[in-house]
Amino acid sequence: MADKNIKEMSFLDHLEELRWLLVRSSAAIIICGIVAFFFSDFIFNEIIFGPKNPNFITYQLFCELGKQFDLQETLCITEINLPIQNREMGGQFSMHMWTSITVGFIFAFPFILWEIWKFISPALYEKERKYAVSFIIVSSLLFFVGVLFGYYLIAPLSVQFFASYIVSPEISNSIDINSYISLMKTSAIASGLLFELPIIIFFLTKIGLVTPEFLRKYRKYTLVIVLIVAAVITPPDVLSQIIVSIPIMILYEASILISVLVVKSQEREKLKA
């Protein structure tokens, strides 16, 4: 049965637990961010500015892929004209600080998950609380895979597309550093959170807000949305759009399978009761 202590906790007790969850999670992010602050050369020159280099590994792989399908002119990138500027007096320091906090959030994510698990575990059954380690490992792995997906696929395709997009030859691109960093952070963090979809679907199915039938019903709409997003962030060729879309749809199908397994498990529990 669920922990009986949960019934004895008042609303203010829950708020107090939530407050300490946020305090400890924030402290973990700040500590990891401080460590990241001192590795600025590697973080900025090798990681953040990596996708604006035509020799970036993603561009090389796409070029090799283009040779296989006779799309060298489309997929082989030889130059990325993307000058980056700082337009504010304290812009570089502010950007350095907030980027470090973002990196801190990424590395502190497993600890944040652990804090969330401790917060919700009293409402779970005893046998469900035994899966704490599995929950942390699987959720963290999905998040980090999502971050890598965003960094190595979404970010470089977005950088290449927007750097080469020209409305008029009278307009020259001179990108503000905050705009570039925002693109990189959004690509990585949003993808990381998107890859948590199977975990989210698991809990939504557990509490009855989502069913496999619901997910199957809206599968076609999800596919359309994914294709539209892929068309926006990738070069204007079908192959790039498919490459981006396939992992996301696999993730959606995996979520449907997880929802089915949860429903079957609940039905077996009802038969035993």
Side-chain angles (χ1 to χ4, degrees), residues 29-30 32-66 72-109 143-194 229-237 240-241 243-244:
I29 293 172
I30 291 173
C32 292
I34 291 174
V35 175
F37 189 88
F38 293 101
F39 290 89
S40 59
D41 287 344
F42 177 76
I43 290 174
F44 282 93
N45 296 328
E46 300 297 329
I47 298 179
I48 292 180
F49 293 134
K52 67 184 294 291
N53 186 337
N55 293 322
F56 190 63
I57 185 171
T58 301
Y59 303 135
Q60 294 180 8
L61 292 175
F62 266 73
C63 187
E64 292 297 322
L65 191 61
Q72 296 95 317
E73 294 184 2
T74 302
L75 296 181
C76 288
I77 298 169
T78 57
E79 181 182 5
I80 298 179
N81 184 21
L82 192 68
I84 297 179
Q85 295 185 357
N86 170 53
R87 303 174 186 274
E88 299 179 9
M89 183 67 70
Q92 293 204 42
F93 175 78
S94 177
M95 173 267 302
H96 185 187
M97 181 179 66
W98 284 110
T99 300
S100 298
I101 293 296
T102 301
V103 175
F105 170 79
I106 292 174
F107 283 101
F109 193 76
F143 177 76
F144 290 132
V145 170
V147 169
L148 293 176
F149 176 80
Y151 175 72
Y152 282 107
L153 197 59
I154 303 297
L157 291 176
S158 299
V159 168
Q160 188 275 333
F161 174 75
F162 290 120
S164 60
Y165 190 88
I166 299 176
V167 174
S168 168
E170 298 296 323
I171 305 173
S172 61
N173 285 331
S174 184
I175 308 302
D176 183 76
I177 180 61
N178 291 316
S179 176
Y180 179 86
I181 295 292
S182 177
L183 172 63
M184 297 300 297
K185 290 193 295 187
T186 302
S187 300
I189 299 297
S191 296
L193 296 177
L194 175 63
V229 173
V232 171
I233 65 175
T234 60
D237 65 89
S240 299
Q241 296 168 17
I243 291 174
V244 171

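Predicted, not measured: the structure shown is a model, and the values here were computed from it.
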*Can you name the closest pair of heavy atoms from Q60 and N55 and give their distance?*
NE2-O, 2.6 Å
*If you round to the nearest 0.5 Å, how far is CD1 of I43 from NE2 of H96?*
7.0 Å
*With rounding to the nearest 0.5 Å, note down the distance linking CZ in R87 to OG in S179.*
10.0 Å
*Hey, could you give me the OG1/CD1 distance between T102 and I29, rounded to the nearest 0.5 Å?*
9.5 Å
*Would one find more than 12 heavy atoms of other residues, nucleotides or ligands at under 6.0 Å from atom CD1 of I57?*
no
*For V103 and A36, work out which heavy atoms get closest and say how close.*
CG1-CB, 3.7 Å
*Heavy-atom closest pair, residues G150 and S191*: CA-OG, 3.4 Å
*Determine yes or no for a side-chain-to-main-chain donor-acceptor pair under 3.5 angstrom, with Y59 supplying the side chain and P51 the backbone.*
yes
*Hey, does the side chain of S182 reach the backbone of N178 with a donor-acceptor pair shorter than 3.5 angstrom?*
no
*Between F56 and I77, is any pair of side-chain heavy atoms under 4.5 Å apart?*
no
_Minimal non-hydrogen separation, L183 against S187, with atom names_ = O-OG, 2.8 Å
*Hey, can you tell me if F37 and F93 have their rings parallel, tilted or perpendicular (30° and 60° cut-offs)?*
perpendicular
*Do N173 and F162 come within less than 4.5 Å of each other through their side chains, counting heavy atoms only?*
no
*More than 12 non-hydrogen atoms from neighbouring residues, nucleotides or ligands closer than 6.0 Å to CD on Q92, yes or no?*
no
*asked:* Any side-chain to backbone donor/acceptor pair from T58 onto Y152? Under 3.5 Å, distance only.
replied: yes
*So which heavy atom on F105 is nearest to which on I189, and how close?*
CD2-CD1, 3.9 Å
*Roughly how far, to the nearest 0.5 Å, is the CZ atom of F44 from the CE atom of M95?*
4.5 Å
*Indicate yes or no for a side-chain donor-acceptor contact from S164 to the backbone of F161 under 3.5 Å, with no hydrogens or angles considered.*
yes
*How long is the span from the CD1 atom in I181 to the CG atom in D176, to the nearest 0.5 Å?*
10.0 Å
*Test of ring centre spacing under 6.0 Å for F109 and F144*: no
_L194 side chain near F149 side chain, heavy-atom distance below 4.5 Å_ = no
*Partner residues of S172 under the side chain to side chain donor-acceptor pair (under 3.5 Å) criterion, sequence neighbours left out*: none
*Atom of A163, atom of I80 and distance for their closest heavy-atom approach*: CB-CG2, 3.9 Å
*With side chains defined as the heavy atoms from C-beta onward, is the minimum distance between E46 and F39 less than 4.5 Å?*
no
_Counting only heavy atoms from other residues, nucleotides and ligands, does the tally under 6.0 Å from CZ of F49 exceed 12?_
yes
_Check whether S158 reaches the backbone of I154 with its side chain - one donor and one acceptor, N or O, closer than 3.5 Å._
yes
